[in-house]
Structures are given as C-alpha cells and as structure tokens.
Asker: 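Here it is: the structure, laid out below.
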Amino acid sequence: MEHIISAGQFTKDNIERIFEATDEIRSVSQHNPRDLAQRHLGKVVATLFYEPSTRTRLSFESAAQRIGAGVISTENAGEYSSTIKGETLEDSIRTVASYADAIVLRHPSDDSSERAVQVSEVPVINAGAGKGEHPTQALLDLYTIKDTKGRTHDLDIVIGGDLRHGRTARSLAQLAALYSGNRITFVSTPELQIGADIRRYLDAHDTPYFEADELAPSFNNVDVIYWTRLQKERLQDPSLASHFAIGPNELELLGKDTMIMHPLPRNDEISPAIDTDPRAKYFDQVKNGLYIRMALLDMLLRKQHS
Ligand code: NCD
C-alpha cells in the first residue's frame with residue numbers, strides 16, 4: 001500500500017490488517033494517548049482540499065497530530081493556493097510533496113488522485129475525488145459495520161440516495177463486493193442510479209445487486225441502510241430531487257437490528273428525530289473515521305521510515 005486511491009485497490013487481507021491496526025490504535029488512543037504522540041515526530045502531513053469538508057479534513061488533521069506528525073493545510077485550495085494563478089494540480093502536488101511526508105487530497109475531478117500519484121514523491125491519500133471515489137470513508141464505513149454487526153459478509157445492504165454523484169456509496173459498494181454472501185439493493189430515482197462501472201464491478205465479483213425506486217419494500221430483513229444526500233453541487237439539472245427520507249415513520253418499518261448509516265453531511269434525508277434511536281450509527285461512523293485515519297497514516301508514514 002503506497003497510495004490510497006480507490007476502494008478497488010484493497011484485498012480482504014489488506015482490510016483485515018487495516019482493521020487490526022485500527023483496533024489497536026483505537027484502544028491505545030482511548031487509554032494511553034501519549035504513547036502515540038511520539039510515533040511520527042518530525043513528520044509532516046499535508047491536507048490539500050479543493051472542496052469543502054468538515055469531517056474528512058479535520059479527522060485527518062487530528063489523526064496526524066495524535067500520532068505525532070505536524071500538519072500543513074489549505075482548506076480552500078481552489079481559491080487560496082496558486083491554483084487561482086493558473087497552477088496545475090500536478091505542479092501543486094510536486095510542490096507540496098517537497099514539504100510533506102504524505103498528502104491528503106480532496107479535489108472536484110474524478111481522476112485527481114490518479115493524476116497526483118503520477119507526480120508525487122510521497123504517499124497520496126484520496127480524501128474524495130469528484131463523483132468518483134472516497135476510499136477512506138468506505139473503510140470507516142465497513143469498519144463501523146463490522147463493529148456493529150460483528151461481520152462484513154452475508155449482509156443485506158441497502159444503499160440509497162444520490163448514487164450517481166455520491167462517491168461514498170460508490171466506494172462502499174466496491175468494498176462490500178469483496179465478501180461472500182453480501183447482497184446490495186440500490187434505492188434511487190432513475191436519474192440518480194449507480195454508475196455502470198460499479199455494476200460491472202459487482203458483476204465481476206459475483207455480488208448480487210438489485211435496483212429499487214421505492215424505499216419501504218427494500219426495508220424487509222435488511223442489515224444495513226446506508227443513506228446519502230443529494231449532491232446538489234454536482235447536479236447538472238438543479239430540479240432533480242431524491243425524495244427519500246428516513247424519519248420516525250420509516251423507523252417503524254425496520255427490524256430491531258438494522259443499522260442506519262450516513263456519511264454526513266445530511267440535509268433532510270435523515271430526520272434528527274431518529275438520532276437517539278440505537279439503530280442510528282452515523283455518529284459512530286464519525287468517531288471511527290478518526291481511528292481509521294490514524295491507522296492509515298501510521299501505516300503509510302512507517303513505511304516511509306523503512
Ligand atoms: C461525503 C463526501 O464528501 O463525499 N462526506 C464525507 O466525506 N463524510 C459525503 C457528501 O458530501 O455527501
């Protein structure tokens with residue numbers, strides 16, 4: 001693992017190692033945080049964000065600092081970096097790679113991390129590439145599933161919302177396809193369906209999937225509901241809507257062990273009225289994101305020492 005670009009790059013073995021490292025770092029972090037604070041002294045992580053972020057950027061920055069690395073950051077690189085003067089992504093990456101030991105990149109182009117690794121001398125982590133992928137989100141999502149359900153296989157998973165533009169849904173579907181017995185139901189309107197590339201990926205991995213444009217029937221016996229927001233900033237047709245919302249009424253239809261997930265930020269597709277229901281796991285995802293990112297940075301920065 002040199003760079004983290006796509007959920008499609010991981011094997012089950014990789015993921016097992018990442019989850020073991022995450023378990024360990026989560027435990028040390030909760031009981032003895034000072035033990036971690038010396039690990040990567042003198043190293044620097046750069047967060048280069050060309051799109052807005054709350055959780056991803058701040059969790060990576062918190063993760064880096066908790067394992068002893070310093071952080072340099074541009075949170076609005078499109079406006080406050082030399083991009084505004086016409087600099088290419090490639091030149092910016094080359095430059096930042098001279099100052100940092102790893103680059104965490106969020107960018108509106110689907111192929112931004114592939115472009116970045118071509119020119120970067122240090123590991124690049126895709127922290128959200130356009131409507132393409134968000135692999136570290138998928139890892140924290142799968143970790144949360146494992147933490148809650150005790151397994152990552154033989155799961156009935158509903159993934160819904162704006163699947164055409166939602167990179168987290170696309171990355172999670174790829175990870176779910178690695179494990180036997182998983183079945184995915186995609187719930188969206190016809191305009192917002194999951195891309196053909198992901199369907200091909202699922203076919204190639206023998207993962208059964210179904211498509212639905214109604215919410216309630218997909219709720220029978222489901223283990224995981226993964227909901228996403230309408231990606232308004234990526235819509236060409238601003239009148240498109242996703243219509244699907246989960247609130248107290250929908251909750252009534254769910255089994256007692258169904259977990260409800262969302263990468264956040266949410267709009268009105270998940271009502272805050274269900275936040276206190278034990279099945280709502282989106283704030284667990286937030287917490288696990290920190291530990292997954294600590295583990296990933298730790299692994300990448302260690303590799304650089306050796
Ligand atoms: C997501 C993203 O940026 O892709 N947020 C996140 O990283 N947790 C989801 C979104 O913006 O809808």
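Every number for a ligand or one of its atoms is a count from 1 in the order of the listing.
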Asker: Should D147 and R26 be marked as a salt bridge (Lys or Arg N to Asp or Glu O under 4.0 Å) after you check the CA-CA gap, both sets of side-chain angles, and the distance that decides it?
Answerer: CA-CA 12 Å; D147 214 29; R26 176 164 82 164; 3.1 Å; yes

Asker: Using a strict cut-off of 4.0 Å, indicate which atoms of ligand 1 neighbour a heavy atom of R106.
Answerer: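 Ligand 1 atoms under the 4.0 Å threshold to R106: 2 (C), 3 (O), 7 (O).
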
Asker: Which of the numbered atoms in ligand 1 are below 4.0 angstrom from a heavy atom of Q137?
Answerer: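 Close to Q137: 6 (C), 7 (O), 8 (N).
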
Asker: Report yes if E233 has an N/O atom closer than 3.5 Å to an N/O atom of ligand 1; otherwise report no.
Answerer: no

Asker: Before signing off on this row, confirm whether P265 and ligand 1 have an N or O atom pair separated by under 3.5 Å.
Answerer: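 In this structure, P265 places no N or O atom under 3.5 Å from an N or O of ligand 1.
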
Asker: Test of understanding: given a 4.0 Å heavy-atom threshold, classify the contact between Q231 and ligand 1 as side chain, backbone, both, or neither.
Answerer: side chain

Asker: With distance as the sole criterion, is a donor-acceptor pair present between the side chains of T47 and E61 under 3.5 Å?
Answerer: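 E61 and T47 do have a side-chain donor-acceptor pair below 3.5 Å.
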
Asker: Using a 4.0 Å cutoff against the non-hydrogen atoms of T56, which atoms of ligand 1 qualify?
Answerer: 6 (C), 7 (O)

Asker: Kindly confirm or rule out an N or O of R229 lying under 3.5 angstrom from an N or O of ligand 1.
Answerer: yes

Asker: State the atoms of ligand 1, each with its element, that fall below the 4.0 Å cut-off from a heavy-atom position in L264.
Answerer: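 In order of numbering, the contacting atoms are 1 (C), 5 (N), 6 (C), 8 (N), 9 (C).
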
Asker: Could you tell me if R229 and H262 have a donor-acceptor pair between their side chains, going purely by distance under 3.5 Å?
Answerer: no

Asker: Considering only protein heavy atoms, which is closest to atom 4 (O) of ligand 1, and at what distance to one decimal place?
Answerer: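 Ranking protein heavy atoms by distance from atom 4 (O) of ligand 1, first comes R167 NE, 2.7 Å.
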
Asker: If only atom types and distance count, is the side chain of R279 paired as donor or acceptor with the main-chain N or O of G255 below 3.5 Å?
Answerer: yes

Asker: Working to the nearest 0.5 angstrom, can you tell me the gap between I93 CD1 and I103 CD1?
Answerer: 4.5 Å

Asker: Looking at F210, is its backbone amide N or carbonyl O close enough to the side chain of T185 to form a donor-acceptor pair, meaning the two atoms are under 3.5 Å apart?
Answerer: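 Answer holds: no.
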
Asker: Between K146 and D23, is there a side-chain N and carboxylate O pair less than 4.0 Å apart?
Answerer: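 Here K146 does not pair with D23 in a salt bridge, since their nearest N and O are not under 4.0 Å apart.
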
Asker: Does only the side chain of T168 get under 4.0 Å from ligand 1, or the backbone, or both, or neither? Count heavy atoms.
Answerer: side chain

Asker: Going by the order shown, which atoms of ligand 1 are within less than 4.0 Å of some heavy atom of P263?
Answerer: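 Under 4.0 Å from P263, ligand 1 has these atoms: 8 (N).
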
Asker: Nearest 0.5 Å, please: how far is CZ in R164 from CD in Q231?
Answerer: 12.5 Å

